[in-house]
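Structure first, commentary second.
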Number of protein chains: 2
Amino acid sequence: MSKTTTIVREGESCDVTCINPGKVRSLARSLPKASTVERISGIFQIMGDSSRLKILHCLSQGDVCVCDLSAVLGMNVSAVSHQLRLLRALNLVKPKREGRIVYYSLSNQHVGELMKMGLEHEREN
Amino acid sequence: MSKTTTIVREGESCDVTCINPGKVRSLARSLPKASTVERISGIFQIMGDSSRLKILHCLSQGDVCVCDLSAVLGMNVSAVSHQLRLLRALNLVKPKREGRIVYYSLSNQHVGELMKMGLEHEREN
DNA sequence: GGATTAGTTGCATAACTGTTCAAATATTAA
DNA sequence: TTAATATTTGAACAGTTATGCAACTAATCC
């Protein structure tokens, strides 16, 4: 039943042995486009680090300054700041300066919900 | 208002400058324990890669063999197999041999739901 | 038996990531 | 102004990761 078929995907074509050409074509069509997959995996990747997850967990309970985050996580202020920069770049958190102190908060509730989902998955496993 | 306090976290203590010792203590208490955070971030980390996300997306539509996955994703059979091993190790997918062909499927629906969440986040953003 | 096909695995490697250190910026206090 | 504090940033480093190649196992077909 094996067969060599030419699969066309996003402009380029390549010869691959595939068991079920029809299924392959329909699966290929069903995939969200590359940029979408990239952005979704980006979100998950960001949440795939314990330090960042802890930071987000703290912020889900209200504004926290960098200094306090550093104390809670038990890590370098600089390290925390680097991670906050990443989170800022992805619009997951936003800063608010008050004098010398910068308070961070979640930009929206989506991340909080994703975290809750993660916790539930964990519990059910 | 700044103050130097000793924060005790999981047996070890360290001196850190922190703005709000009370808040820090309560946040520290509110954090899920290390192993839990680790496992949750592990799940997200696994989904934080476009190849794996595509694989999982395919499997969310039914059983697919390694060969077809390779064709759909346009990548090496070996590379796909390596990723499947990771997913297997985390009990996210399971193999079923039929002759020479190995069909993979999702172990449970949790991952599918997480992916849906990701897609929704993406859309709302 | 030998040949072919599907998949796995170990190794090598290039690319990426998280953290730390040191230096810079910004704001307040003396 | 100088000193102190809160945060940011860039460079460097160690550790991890995704992929491809080559060699292997497993199953089928001749």
Side-chain angles (χ1 to χ4, degrees), chain A residues 1-5 14-20 24 37-38 41-42 44-55 63-90 93-104, chain B residues 1-5 14-20 24 37-38 41-42 44-56 63-90 93-105:
Chain A
M1 216 240 242
S2 282
K3 210 168 155 187
T4 296
T5 321
C14 58
D15 285 337
V16 258
T17 332
C18 79
I19 305 299
N20 188 338
V24 168
V37 175
E38 218 67 51
S41 68
F44 284 125
Q45 192 178 22
I46 279 293
M47 305 190 60
D49 174 82
S50 13
S51 306
R52 284 192 293 266
L53 216 48
K54 288 183 203 160
I55 290 175
D63 298 9
V64 189
C65 67
V66 181
C67 198
D68 283 354
L69 280 173
S70 152
V72 175
L73 302 200
M75 65 193 278
N76 217 318
V77 174
S78 170
V80 173
S81 184
H82 277 300
Q83 299 294 7
L84 286 169
R85 188 157 61 117
L86 270 182
L87 297 172
R88 241 186 302 141
L90 278 161
V93 305
K94 56 175 198 286
K96 181 181 57 170
R97 177 151 229 144
E98 278 181 20
R100 279 185 288 219
I101 304 172
V102 178
Y103 289 94
Y104 277 88
Chain B
M1 215 239 243
S2 281
K3 210 166 152 189
T4 297
T5 321
C14 59
D15 285 336
V16 257
T17 330
C18 77
I19 304 300
N20 188 339
V24 168
V37 175
E38 218 68 49
S41 67
F44 285 125
Q45 192 179 19
I46 280 292
M47 305 189 60
D49 174 83
S50 14
S51 306
R52 283 193 294 265
L53 216 47
K54 287 181 201 158
I55 290 176
L56 293 171
D63 298 9
V64 189
C65 68
V66 180
C67 197
D68 284 354
L69 280 174
S70 153
V72 175
L73 303 200
M75 65 195 275
N76 217 317
V77 174
S78 168
V80 173
S81 184
H82 278 302
Q83 299 295 5
L84 286 169
R85 187 156 61 116
L86 271 181
L87 297 171
R88 240 185 304 140
L90 278 161
V93 305
K94 56 176 197 285
K96 181 181 55 171
R97 177 149 228 147
E98 277 182 21
R100 278 186 288 219
I101 304 173
V102 179
Y103 289 95
Y104 277 88
S105 58

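Sequence lines set the chain letters: A, B, ... in the order given, protein chains first and strands last, and positions in each chain run from 1. Heavy-atom basis, side chains included; hydrogens, waters and symmetry copies ignored.
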Mark yes or no for whether [X], through its side chain, and [Y], through its backbone, hold a donor-acceptor pair below 3.5 Å.
X: B:Ser70; Y: B:Met75; answer: yes
X: A:Ser81; Y: A:Val77; answer: no
X: A:Asp68; Y: B:Val24; answer: no
X: A:Arg88; Y: A:Val93; answer: no

For A:Tyr104, which contact category applies under a 4.0 Å heavy-atom criterion: base, sugar-phosphate, or nothing?
sugar-phosphate
Using a heavy-atom cut-off of under 4.0 Å over every strand shown, decide if B:Val77 touches base, sugar-phosphate, or nothing.
base
Choose from C:dG7, D:dT9, D:dA18 the nucleotide whose nearest atom is closest to any side-chain atom of B:Asp49.
D:dA18
Candidates C:dG7, C:dT19, D:dT9 - which lies nearest the side chain of B:Ile101
C:dG7
Interatomic distance where [atom1] belongs to [X] and [atom2] belongs to [N] [whole Å]:
X: A:Lys96; N: C:dT27; atom1: NZ; atom2: P; value: 16 Å
X: A:Leu84; N: D:dT7; atom1: CG; atom2: C1'; value: 10 Å
X: B:Ile46; N: D:dT16; atom1: CD1; atom2: P; value: 15 Å
X: B:Ile55; N: C:dG7; atom1: CD1; atom2: P; value: 13 Å
X: B:Leu87; N: C:dT8; atom1: CG; atom2: P; value: 12 Å
X: B:Leu69; N: D:dT19; atom1: CG; atom2: P; value: 13 Å
X: A:Ile19; N: C:dA6; atom1: CD1; atom2: C1'; value: 7 Å
X: A:Leu73; N: C:dT20; atom1: CG; atom2: P; value: 11 Å

Side-chain N,O ([X]) to OP1/OP2 ([N]) below 4.0 Å:
X: A:Gln83; N: C:dT17; value: no
X: B:Ser51; N: D:dT19; value: yes
X: A:Gln45; N: C:dT17; value: yes
X: A:Arg52; N: C:dG18; value: yes

Any donor-acceptor pair under 3.5 Å linking the side-chain atoms of A:Gln83 with those of A:Ser51?
no
As a test of understanding, state which of A:Val80, A:Val66, A:Val64, A:Asp63 forms a side-chain contact (heavy atoms from CB on, under 4.5 Å) with A:Tyr104.
A:Val66
A:Leu87 side, atom CG; A:Ile55 side, atom CD1 - distance, nearest 0.5 Å:
6.0 Å
Heavy atoms under 4.0 Å is the rule here; annotate nucleotides 20-30 of chain D 5' to 3' with B where the base is hit, S where only the sugar-phosphate is, and - elsewhere.
BB-----BB--
